[in-house]
There are 4 protein chains.
Amino acid sequence: MSRRLTARGRRRRKELLDFAAHRFATNGFHPTSVTEIVDGVGVGKGVFYWYFESKDELFRQILIDAQRDLRRQQRQAIEDEPDPLRRIEAGVRMAVHWLDANRHLFALLELARTEERFAPLVRQGEEQAVADALPHIQAGMDAGLIRRADPLVVAHGIVGVTNTLTRVLVLDQGQTADTAADAAIAFCFEGIMSPASARARLGRAG
Amino acid sequence: MSRRLTARGRRRRKELLDFAAHRFATNGFHPTSVTEIVDGVGVGKGVFYWYFESKDELFRQILIDAQRDLRRQQRQAIEDEPDPLRRIEAGVRMAVHWLDANRHLFALLELARTEERFAPLVRQGEEQAVADALPHIQAGMDAGLIRRADPLVVAHGIVGVTNTLTRVLVLDQGQTADTAADAAIAFCFEGIMSPASARARLGRAG
Amino acid sequence: MSRRLTARGRRRRKELLDFAAHRFATNGFHPTSVTEIVDGVGVGKGVFYWYFESKDELFRQILIDAQRDLRRQQRQAIEDEPDPLRRIEAGVRMAVHWLDANRHLFALLELARTEERFAPLVRQGEEQAVADALPHIQAGMDAGLIRRADPLVVAHGIVGVTNTLTRVLVLDQGQTADTAADAAIAFCFEGIMSPASARARLGRAG
Amino acid sequence: MSRRLTARGRRRRKELLDFAAHRFATNGFHPTSVTEIVDGVGVGKGVFYWYFESKDELFRQILIDAQRDLRRQQRQAIEDEPDPLRRIEAGVRMAVHWLDANRHLFALLELARTEERFAPLVRQGEEQAVADALPHIQAGMDAGLIRRADPLVVAHGIVGVTNTLTRVLVLDQGQTADTAADAAIAFCFEGIMSPASARARLGRAG
DNA sequence: AATGAATGAGCATTCATTCAT
DNA sequence: TATGAATGAATGCTCATTCAT
C-alpha cells in the first residue's frame, strides 16, 4: 500500500481510521464489519480497500498511530522537567490525561493485546514506553531518590497502576483525570504502607 | 439450561468448557468456531447445543467458573493469616500463582473485558475481589499499618500491579511466580521512592 | 474432505456435481457462481461447502470423474478385440460416442486445459489415455500392421484427429457419432494421400 | 472505438494488447484484472478505457490480430508452391512454427474457444483457415494426389493433428518446430497403417 | 490523454444455529 | 443423548467500470 495520496485522499483515510477506531472500541474488532464502516462514513466499499489492504491492516494502523501520539505527547510533557521523579510524575499525569481523552484508543490497545495477531504490536509499543522511562528511573536511583530495584519492574509497575487506576477511577467511576493521576502517583511513589510499618519492614529486610 | 446431568454428562460438559477455554485463549473468541470445538472434543454439533444455549453462554460459563475458582483459592490462602498486611500479601501471592497456573483463563478474562457483551461479568468479578479485599485494607488502616487513603484506590492499585507484573514477568519473561509475587508486594507496599525522599515528600505534603 | 456420506448425502453430492458440470460447460467456470449452483439445485449455500472444500475442488472432482468414466468405457469397448487395429478403431469409436453423449464434459476438459490450475489434471488423464493406447500401437507395429514411427506421436495424432473431428462434425455440424468416427478412423489409418502418391512419397523417403 | 490514434497512441495500444495477451495466457482471462494490466504497463486506469471499450473487447482484439497474423504468414508461405501437397505441407509447417513462436496466442485461442462469448470468433477464424485450405485440397484431389473424401473433413483433420502435435511435441516435450511439423505431415499424409495393411483395407473398402 | 478516486454489485466462503433421524 | 445434514445471513474482499480533475 502506502499510496501517494492527495489532500482529499488523506482526509478520507483519516475519516475511515477515526470512524473505525470508535466502532472497534464500542463493538469490538470482529463484530464490526467493513460494510458498517464504509456505510458509516458514507462511501462505497471499494474506497476502504483503496486506502487499506485489509481490515487487519487498518486496525494495525490505528494502533500504530495511537501509540505514536501518546509517545509524542509524553515526551513533550517531560522535556522541561529537571528532576527524575518529576519527570516520572509528568509522564504518568500525561498518560492518564491521554487515556481519558482517547478512551476509545485505550480500549483498542487492551483489545489488541488479547488477539495474537495484534499483540506483538502492542507489546512492542509498551516496550518502547518502558525503554523511554528507564533512563529517568535509573537517574532517580543514581540520585538516591528511588529505591534500588529492577528498573524494569519499577517501570512496568508504574504502567500497571496508571492504566488500572485510569480505567477504574476515570472511565468507570467518572472521576477527573487529575484526581486519578494524583492517586496513581501517590500509590507508585509511596506504596500503601504507613511510614511506621515501612520502617519496620525496612528494618526487617535489611 | 440448568439441565440435570448424569456423571457422564458432567464430564462431557467439562471437556467442552476446558477445550473451548484453551482455544479461545489461543485463537480468540470470534475466530474459534463451534465446529472447531466439537471437532476437537470429538463429538457432533448437537452435543454442544445440548449442554450450552449458545457460544456466548459457554464463554460466560468459563468466565464465571474461572472467577469463582480464583476467589475460592484466595479465600483459603488468606484465612489463617492474622495480620492484615500478611493477608494482603497472601492474596497477592495466590493471585500470581493462580494466574500463572491458569494463564489461559488470565488471557480470557482480559479478552472478555474488551467485549461489551462480556465486560460486565468481568467487572462484577473484579468488584467482588475488591470488596473481598476492602475489610483487610480497612483493618490495616485502623491498625496504623496502612497509609490513610481511599481503600478502593488501594485495592485497585494492588490488583493493577499484580496483574501487570504477572503478565510481564511470568508470562512474557518466564520468571517464577514467586519472584513476580515478591516484586508486586514490594512495589505495592513500599512504592518506588527511597525512604529519604519519601520522608521529604511526606514533610512537604503535610 | 472425503467425508463418510449417507445414501442421501451421496445423492446430493452427485446432484451438485452434475448441475455444476452443465453450468460450467455452458457458462464457463469463472462466470458460474456457487450461488447459481446451489440455487439451481435448490439447497442452501452451506450444503455446497458441506460436500466440497471449494469451487476449485468441485471442478477437479468433475474432471476426475469424467476421465475415469471415459477410460472405463474405452477399456470395455476394446477388451474383446483380438486385432490391434480393430482395438484402436474400437477405442476411437467409443471416444467419439462418449464425447457426443457427454459433450458438456468434453467442453469442460478443453476448458480445464486452459487454466494452469487444472491443466495438470487434464494432461495427466491424457497421458494415461496415451499410455493405455501404446501397447496396442506397439503390437500393431510388431505385427506389421502399423507403420514404424514414434508410437507416442501416433497416439497423440489419433487423439488429436478424434477430438477435432468430433467437435467439428458432431458438435458443430450435427452429424452422427458413427459418421464422425468413420471419418476419424479413415483419416488416421490411411492419411490423406492417394495410394499412388503415397507410393511415390514412400519411394522418395526410402 | 475506432479512434484515430497518434503514433504514440498506437504504441500504447500495442503495449496494452501485448501485455494483456501474455497475462491472459499465463493467468487466464478472468483471473487477470484490468488493474493488473494497467499496473503492468505503468499507466492509469483511464488509459485502458481510452483505448478499449471493455476487457472483453480487448480480448477480442487480441484474438482477431492473432488470427490475422497467422493467416497472413500462412499465405506468404504457400504462395510460391506450385504443387497442392507441397502447399499443404508448407501451410502445416508454418502453422507449427507460428504456434511455437506465439505460444501465448496459441493458448489464448484454445482458451477463447471454451468461452461462449468468444468462441464464435475462434470458430470463424478456423472456418476461414479451412476455407483457405479447401482449394488446395480440391486441387490435390483433382490431380489424383489426394484421396477422394470430404475436403472439409480432410482440412479439419489436418488442423487437429497439427495443433495437437504442436502442443504435445513442441510445448510439452520441448522438441523443435521442424520435428513436430515432420511428424504432423507424415501422420496427415500417410496415416498410421503400413502400406501392406493399407492395401488390404483398400481392397476391402472397395 | 491521463490520473487518482470512487462505485457497488458480486464473489467465495464461514459459521452459529436448527432439525430430522 | 447424539449425529450428519442443512440453513442462509453475513463477511472480507474484488473488480469492471465511471468520473472529476
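All chains are named by letter (A, B, ...) in the order of the sequence lines, taking the proteins before the strands, and each is independently numbered beginning at 1.
For the residue pair B:Glu115 and A:His30, no side-chain donor N or O sits within less than 3.5 Å of a side-chain acceptor on the partner.
Atoms NE2 (A:His30) and C1' (E:dC15) sit 14 Å apart, rounded to a whole Å. In this structure, A:Glu53 places its CD atom 14 Å from P of F:dC15, rounding to the nearest Å. In this structure, A:Lys55 atom NZ and F:dA10 atom P are separated by 15 Å, rounded to whole Å. For the pair A:Phe52 CZ and E:dA6 P, the computed distance is 12 Å after rounding to whole Å. Taking atom CZ on B:Phe48 and atom P on F:dA5, their separation rounds to 21 Å, with Å as the unit. Whole-Å rounding puts the B:Arg23 CZ to E:dA16 P distance at 13 Å. Here the P atom of nucleotide F:dG4 and the CZ atom of C:Arg13 are 17 Å apart, to the nearest Å. Straight-line distance from the CH2 atom of A:Trp50 to the P atom of F:dC15: 14 Å, rounded to whole Å.
Checking the phosphate oxygens (OP1, OP2) of F:dA5, no side-chain nitrogen or oxygen of C:Arg12 falls inside 4.0 Å. At the phosphate of F:dT11, neither OP1 nor OP2 sits under 4.0 Å from any side-chain N or O atom of A:Thr35. Side-chain nitrogen and oxygen atoms of A:Tyr49 include none within less than 4.0 Å of the OP1 or OP2 phosphate oxygen of E:dT7.
Electrostatic pairing of D:Arg113 and D:Glu110 counts as a salt bridge here, judged by a charged N lying under 4.0 Å from a carboxylate O. In summary, A:Glu36 and A:Lys45 do not engage in a salt bridge, as defined by a charged side-chain N under 4.0 Å from a carboxylate O. Between A:Glu15 and A:Arg12 there is a salt bridge, since a side-chain N of the basic residue sits under 4.0 Å from a carboxylate O of the acidic one.
In the set E:dG4, F:dA6, E:dA12, F:dA6 carries the atom at the smallest distance from any side-chain atom of B:Lys45. Residue B:Val43 has its side chain nearest to F:dT3 when only F:dT3, F:dT1, F:dG4 are considered. When the nucleotides E:dA12, E:dA1, E:dG4 are ranked by their closest atom to the side chain of D:Arg8, E:dA1 comes out on top. Which of F:dA2, F:dG4, F:dT17 sits closest to the side chain of B:Val47 comes down to F:dA2.
Searching all strands for a Watson-Crick or G-U wobble partner of F:dT21 with both distances below 3.5 Å returns E:dA2. For F:dT11, the paired nucleotide is E:dA12, the pair qualifying as Watson-Crick or G-U wobble because both relevant distances are below 3.5 Å.
Projected onto DNA chain F by closest heavy-atom contact, C:Leu5 and C:Gly46 fall at different nucleotides, the more 5' of which corresponds to C:Leu5. The nearest heavy atom of DNA chain F to D:Phe29 and to A:Asp56 marks one nucleotide each, and the one closer to the 5' end goes with A:Asp56. Toward the 5′ end of DNA chain E lies the nearest nucleotide of A:Arg10, the other residue of the pair B:Val34 and A:Arg10 mapping further downstream. Of the residues near DNA chain E, A:Thr6 and B:Pro31, the one whose nearest nucleotide (by heavy atom distance) lies more toward the 5' end is A:Thr6.
Classified by interplanar angle (parallel below 30°, tilted 30° to 60°, perpendicular above 60°), the ring pair A:Phe29/A:Phe59 is parallel.
To the nearest 0.5 angstrom, B:Lys55 atom NZ is 6.5 Å from B:Thr32 atom OG1.
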